[in-house]
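The next block holds one structure in the form of structure tokens; read it before the comments.
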Amino acid sequence: MDSSLRACIANVAARLSGQSVKSAVYDYSQSKHINVSGSVTNGSVNIYDHDRGVHITGSSTNLYDHGHGAHISLQLN
């Protein structure tokens, strides 16, 4: 998985679990912040990855990465 995408998924997971999340996630593998904006609710995800310049949309368990043209299944434990 792409490092920036992984950071965005971490941002979505944190928001869905009710954590207070800022507009950026620090990616240690790249040693930089990944800026993420948009909304995440229990029913839907609509965020923008400023690092890659793409949207990630969908439901809280079924996401679509418009940059890679790929679906992502997300299950929080």
Open item on the list: Can you give me the closest heavy-atom contact between Cys8 and Val36, atom names plus distance?
Closed with: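 Result for this residue pair: SG-CG2, 3.8 Å.
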Open item on the list: If you compare all heavy atoms of Val25 against all heavy atoms of Ala7, which two are closest, and at what distance to 0.1 Å?
Closed with: CG2-O, 3.7 Å
Would you be so kind as to tabulate the donor-acceptor pairs closer than 3.5 Å made by side chains of residues 66-77, with sequence neighbours excluded?
| from | atom 1 | to | atom 2 | distance (Å) |
| --- | --- | --- | --- | --- |
| His66 | NE2 | Thr57 | OG1 | 2.8 |
| His68 | NE2 | Arg52 | NH1 | 3.3 |

Could you measure the distance from the [atom1] atom of [X] to the [atom2] atom of [Y]? Nearest 0.5 Å is fine.
X     : Y     : atom1 : atom2 : result
Ile56 : Ile9  : CD1   : CD1   : 5.0 Å
Ile47 : Leu63 : CD1   : CG    : 7.5 Å
Ser59 : Tyr64 : OG    : OH    : 14.5 Å

Open item on the list: Tell me which pairs pass salt bridge (Lys or Arg N to Asp or Glu O under 4.0 Å) where either residue lies in residues 66-77, with sequence neighbours left out.
Closed with: none
- [ ] Could you note down all residue pairs passing salt bridge (Lys or Arg N to Asp or Glu O under 4.0 Å) where residues 66-77 supplies at least one of them, sequence neighbours left out?
- [x] none
Task: Of all pairs that satisfy side chain to side chain donor-acceptor pair (under 3.5 Å), the ones with a partner from residues 3-14, not counting sequence neighbours - done: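 Applying side chain to side chain donor-acceptor pair (under 3.5 Å) to every pair that reaches into residues 3-14, excluding sequence neighbours, yields Ser3-Arg6, Ser3-Ser29, Ser4-Gln30, Ser4-Asp51, Asn11-Arg15.
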- [ ] For residues Asp49 and Asp65, determine if any side-chain heavy atom of one lies less than 4.5 Å from a side-chain heavy atom of the other.
- [x] no
Open item on the list: Suppose we screen for side-chain contact (heavy atoms from CB on, under 4.5 Å). Which residues come up paired with Ala24, at least two apart in sequence or across chains?
Closed with: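 Per chain and number, Ala24 pairs via side-chain contact (heavy atoms from CB on, under 4.5 Å) with His33, Asn35.
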Open item on the list: Restricting to side-chain hydrogen bond (donor to acceptor under 3.5 Å, both in side chains), what partner residues turn up for His55, sequence neighbours left out?
Closed with: none
